[in-house]
Protein chains: 2
Amino acid sequence: MHEAALELFGERGYARVTAAEVAERAGLTERTFFRHFADKREVLFDGNELGGLLAAAVADAPEGVAPVEAVVAGLEAVAAVFEDRREAVARRARVVEAHPELRERELAKLASWSKALEGVLVGRGLPEPDAMLLAEVSVAVFRVAYRRWLDGGTARELAAIIRETLAGLGGLFAHTAPGPRDLSAARAGAAARRSDR
Amino acid sequence: MHEAALELFGERGYARVTAAEVAERAGLTERTFFRHFADKREVLFDGNELGGLLAAAVADAPEGVAPVEAVVAGLEAVAAVFEDRREAVARRARVVEAHPELRERELAKLASWSKALEGVLVGRGLPEPDAMLLAEVSVAVFRVAYRRWLDGGTARELAAIIRETLAGLGGLFAHTAPGPRDLSAARAGAAARRSDR
DNA sequence: GTCTATAGGGCGATAGAC
DNA sequence: GTCTATCGCCCTATAGAC
């Protein structure tokens, strides 16, 4: 039904398509639709294979490997699934982005990647306060890389963009590692604004 | 209606409370409920003041300040709103976390923070590929800090936790900045797993 | 497969604030 | 007069229960 839903949502818009119509185009009944999918949105987000793939690939990374690098291996495993289906992925992405309800669900899926990733990282021995941080940030990096990959007219490799994005992160946050700086001026500005409402 | 919704969702669970009941407890009708809120979930996420506050505070940071530090000032402005209402915030957070529909909406709100932040960063002169990255990662950092703040039994300052989390980020990703490493072993593992399904 | 409650939109009426 | 908040009634589709 995935394909039927994509077509109909693309043509008429998510809200103007009923679950029954999607089912019908796929030669099924409305009842069957809701048997397969918990709700209408799920047609385009069937299950969470990618989250599972991500977690599995990270778990599979060799023992010695640093957490970040295990994560990169995981993201690359996910990237590999997208790589050869660029047009189909882009088409689906366009439909999702055009509809808030679907964007919302997409975010929820990404969040579940994070959760799964976090669990695996803890399993690999990364202490918990850091595991969540690495997991959340890694998924954020993936999100950005994914967007760059879709936007880039040329067919650059998603895996390469992921690594590049990650490297850019190091650059952006390089200065902050040492410790807190003098931000009193910035804070004063924010405080001023805060007080006048 | 915010308060009425919080109570009812907390007592009976989101799904077992109708919009009409929430409205009624607030002395209004169902129709009015839907005039105020686009959908039932929105009762707990009224508008997007915090996203606006974040964007405004970042925009207000002095010109010379580095992007990351402007963002920190912004996150601290948001933190200040939470700081003195810890119990109320925690109560709302518990209700949201208990219900997937509400968690989903929360993620959508956070995503809109990202979008707003990205725009402001571009306005501050940060080139676009980096702006989205910084915005997404900053919000991820906030999410993690927020969680730590809520989990921490002691009433540690959210602002401090944010800066600490950010510093931890520098540590986690320190090694990756130089460039891609040899991940062939990890990739081989992932590829093997990929091929057997 | 059938039945039903609820979400949520359309349209229009009313009433107070300015 | 306009603008805005409230409410009434009718409708369809979602999604759960049976």
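Scope of the values below: all heavy atoms of this structure, side chains included, with no hydrogens, waters or symmetry mates. Numbered from 1 within each chain, the chains take letters A, B, ... in sequence-line order.
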Close side-chain approach of B:L54 and B:F142, heavy atoms under 4.5 Å | no
Going 5' to 3' along DNA chain D, which nucleotides are the first and last within contact of chain B (any atom under 4.0 Å from a heavy atom)?
-> D:dT6 to D:dC9
Between the two end axes of the helix from C:dG1-D:dC18 to C:dC18-D:dG1, each built from 5 base pairs, what angle do you get to the nearest 10°?
-> 10°
Side chain to side chain donor-acceptor pair (under 3.5 Å) against A:E7, all qualifying residues, sequence neighbours excluded | A:R25
Please list residues of residues 21-30 of chain A whose heavy atoms come under 4.0 Å from any atom in DNA chain C, ordered by number; otherwise none.
-> none
Answer yes or no: is there an ion pair linking A:E97 with A:R103, defined by an N-O contact shorter than 4.0 Å?
-> no
May I ask you to test the B:E136-B:K115 pair for a side-chain heavy-atom distance under 4.5 Å?
-> no
Who are the ring-ring contact (aromatic ring centres under 6.0 Å, His included) partners of A:F34, not counting sequence neighbours?
-> none
Do A:K40's NZ or CZ and the ring of A:F33 fall within the cation-pi criteria of under 6.0 Å and 45°?
-> no
B:K109/B:E104 ion pair, N-O < 4.0 Å = no
Qualifying residues under side chain to side chain donor-acceptor pair (under 3.5 Å), relative to A:R92, sequence neighbours excluded | A:E106
Can you tell me which residue pairs pass the salt bridge (charged side-chain N to carboxylate O under 4.0 Å, His left out) test with a partner in residues 29-38 of chain B, sequence neighbours excluded?
-> none
Got a sec, which residues hit side chain to side chain donor-acceptor pair (under 3.5 Å) with B:E157, two or more places apart in sequence or on another chain?
-> none
Length of the CD-P vector between B:E42 and C:dG9, whole Å | 12 Å
Nucleic acid contacts of residues 4-15 of chain A, taken as heavy-atom distances under 4.0 Å to DNA chain C | none
Return the set of residues passing side chain to side chain donor-acceptor pair (under 3.5 Å) with A:E83 (not counting sequence neighbours), or none when no residue passes.
-> A:W149
Kindly determine whether A:E164 and A:R156 satisfy salt bridge (charged side-chain N to carboxylate O under 4.0 Å, His left out), including the steps that lead there.
-> CA-CA 12 Å; A:E164 176 183 299; A:R156 284 197 58 211; 3.0 Å; yes
Counterpart residues, salt bridge (Lys or Arg N to Asp or Glu O under 4.0 Å), relative to B:E87 (two or more places apart) | B:R94
SB check A:R12 A:E21 (cutoff 4.0 Å) | yes
Between N or O atoms, less than 3.5 Å apart, protein on one side and nucleotides 10-13 of chain C on the other: list the pairs.
unit_1, atom_1, unit_2, atom_2, d
C:dG10, N7, B:R31, NH2, 3.4
C:dG10, O6, B:R31, NE, 2.7
C:dG10, O6, B:R31, NH2, 3.4
C:dC11, N4, B:R31, NH2, 3.3
C:dG12, O6, B:R35, NH2, 3.4

Closest to the 5' end of DNA chain D, once B:H36 and A:A38 are matched to their nearest nucleotides, is B:H36
Residue pair B:Y146, B:F82: steps toward the ring pair (Phe, Tyr, Trp, His ring centres under 6.0 Å) verdict = CA-CA 10 Å; B:Y146 176 68; B:F82 289 180; 5.6 Å; yes
Separation of A:F34 atom CZ from C:dT4 atom C1', in whole Å?
-> 14 Å
